[in-house]
Amino acid sequence: MDLSNRTVLVVGGTSGIGRELARRFAAAGSTVAVGGRSPQALAELAEEGFGTFHIDVTDGSSVTSARDAALAQYPELDTVVTMSGVMLLEDLRDPAHFEAAETTIDTNLVGTIRVIDAFTSHLVRRGAGTFITVTSGIAFLPFPPMPSYAASKAAVHAYSEALRAQLDGTGVGVVELVPPAVATAGQEKVAPHALPLDDFATEVMHLLSQDPTPHEILVKGVRMHRWAERDGTYDDLVAQRSQALAMLPGRAG
């Protein structure tokens, strides 16, 4: 992927990984716009020179409106990054967890589908472009305190694979970014060994620039999760990660 000459929309790019990747694409020479829900964050990004659009991926009309506005301002848009996501703890012994499960699936999975659907016709008409979906190491090695997060990201992985197959021959590629725990948005509190955001972004941009661009962007820190089943380490690692269930209210001790 030529990072110096893209027109990129990062949906969910108002904080964390998305915001850093938006800055990296811009630094490489691409034209970058960001979509998100936070008016303050969007205002800050506008001051940095980014195009900004309000978008709520859980609201179909919001996605459609943002799509129309983005394409009006950036008719040459060729790269759409679907970053929006939430990570919520759930105690599956408590029926009240269902609200968190619904929110997680609607944001992480259905929200991703809404964004992809909104821009597919545009990219196919162009005959060239890229969707970058975002999953997680947790898609391949569940983190038991966040069951619906794991399920949603595993689903986005499967959806990305199917999307890539269906778009084959159109000129539109599908790249799946698979982050490990990255030290942003509180991840460093849950995962003390989380990868520094700057190191993560540097490695991601290097992998994206390879020719051909890999179907999955796997930084070194996530490969043990991605290949746990293949490597025969899956059961032991899930058992280790299950110790984190103690962080759920009422489970400590």
Side-chain angles (χ1 to χ4, degrees), residues 9-19 34-42 53-67 80-120 131-163 166 174 176-182 184-187 189-191 194 225 238 241-252:
L9 173 63
V10 184
V11 177
T14 53
S15 63
I17 292 172
R19 191 167 186 159
V34 176
R37 293 188 302 175
S38 167
Q40 180 179 347
L42 290 172
F53 302 94
H54 179 270
I55 183 169
D56 179 352
V57 301
T58 67
D59 180 343
S61 61
S62 174
V63 173
T64 300
S65 295
R67 184 269 316 278
V80 178
V81 187
T82 61
M83 285 291 319
S84 299
V86 295
M87 297 182 72
L88 300 174
L89 296 171
E90 294 174 72
D91 187 341
L92 301 186
R93 299 180 187 179
D94 181 356
H97 87 89
F98 187 78
E99 184 176 348
E102 251 187 336
T103 297
T104 300
I105 298 298
D106 193 33
T107 303
N108 298 2
L109 174 58
V110 184
T112 294
I113 296 170
R114 287 187 182 103
V115 172
I116 290 169
D117 280 358
F119 288 96
T120 295
F131 282 114
I132 300 179
T133 60
V134 181
T135 60
S136 168
I138 292 174
F140 304 97
L141 187 72
F143 185 58
M146 297 178 175
S148 294
Y149 179 81
S152 69
K153 292 299 187 177
V156 172
H157 165 69
Y159 198 87
S160 301
E161 296 271 276
L163 180 67
Q166 291 209 19
V174 178
E176 178 184 346
L177 173 59
V178 189
V182 177
T184 183
Q187 276 288 292
K189 299 174 184 176
V190 178
H225 307 93
V238 171
R241 292 157 78 83
S242 295
Q243 296 174 15
L245 289 167
M247 71 171 56
L248 296 175
R251 294 287 190 103

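Heavy-atom basis, side chains included; hydrogens, waters and symmetry copies ignored. The first residue in the sequence is number 1, and the count goes up from there.
- Side chains of Glu176 and Thr135: a donor-acceptor N/O pair is present below 3.5 angstrom, by distance only.
- The shortest non-hydrogen separation linking Ala101 to Ser148 is CB-OG, 3.2 Å.
- The two residues Val182 and Ala194 have their closest heavy-atom pair at C-CB, 3.8 Å.
- Ion pairing of Asp106 with Arg114 is present here, as a side-chain N (NZ or NE/NH1/NH2) and a carboxylate O approach within less than 4.0 Å.
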Next on the checklist: Walk me through whether Leu9 and Phe119 qualify under side-chain contact (heavy atoms from CB on, under 4.5 Å).
Outcome noted: CA-CA 11 Å; Leu9 173 63; Phe119 288 96; 3.5 Å; yes

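- Every residue two or more places apart in sequence or in another chain that forms a side-chain contact (heavy atoms from CB on, under 4.5 Å) with Ala41 is listed here: Thr14, Arg19, Ser38.
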Checklist entry - Are Ile116 and Leu163 close enough, and set up right, to give a side-chain contact (heavy atoms from CB on, under 4.5 Å), and what steps lead you there? => result CA-CA 9 Å; Ile116 290 169; Leu163 180 67; 3.8 Å; yes

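- The shortest side-chain heavy-atom distance between Arg241 and Ile138 falls under the 4.5 Å cut-off.
- At least one side-chain heavy atom of Ile55 sits less than 4.5 Å from a side-chain heavy atom of Val63.
- Here CG of Asp56 is found 8.5 Å from OG of Ser61. Values are rounded to the nearest 0.5 Å.
- Put simply, the side chain of Lys153 does not reach to within 4.5 Å of the side chain of Phe140, judged on heavy atoms.
- Closest non-hydrogen pair, Ser242 versus Pro144, comes out as OG-CG, 3.4 Å.
- Side chains of Tyr159 and Thr133 form no contact here, defined as non-hydrogen atoms less than 4.5 Å apart.
- Side-chain contact between Thr103 and Leu88: present, with at least one pair of heavy atoms (C-beta onward) separated by less than 4.5 Å.
- Rounding to the nearest 0.5 Å gives a distance of 10.5 Å between CD of Glu90 and CD of Glu99.
- For the pair Val86 and Tyr149, the minimum side-chain heavy-atom distance is 4.5 Å or more.
- The CG atom of Leu248 lies 11.5 Å from the NE2 atom of His97; values are rounded to the nearest 0.5 Å.
- Looking at residues two or more places apart in sequence or on another chain, you find a side-chain hydrogen bond (donor to acceptor under 3.5 Å, both in side chains) between Ser152 and Asn108.
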Next on the checklist: Pair Phe131, Val81 - check side-chain contact (heavy atoms from CB on, under 4.5 Å), show working.
Outcome noted: CA-CA 6 Å; Phe131 282 114; Val81 187; over 6 Å; no

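- For Asp91, the side-chain hydrogen bond (donor to acceptor under 3.5 Å, both in side chains) criterion is met by Arg251, not counting sequence neighbours.
- The side-chain heavy atoms of Ser62 and His54, taken from C-beta on, include a pair separated by under 4.5 Å.
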Checklist entry - Would Met83 and Val11 count as a side-chain contact (heavy atoms from CB on, under 4.5 Å) if you check the C-alpha gap in whole Å, the side-chain angles of each, and the deciding distance to 0.1 Å? => result CA-CA 6 Å; Met83 285 291 319; Val11 177; 5.9 Å; no

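- Atoms CG and CE, on Leu89 and Met247 in that order, are 6.0 Å from each other to the nearest 0.5 Å.
- Between Pro147 and Leu92, the closest side-chain pair of non-hydrogen atoms falls below 4.5 Å.
- Between Met146 atom CE and Ser136 atom OG the span is 9.5 Å, to the nearest 0.5 Å.
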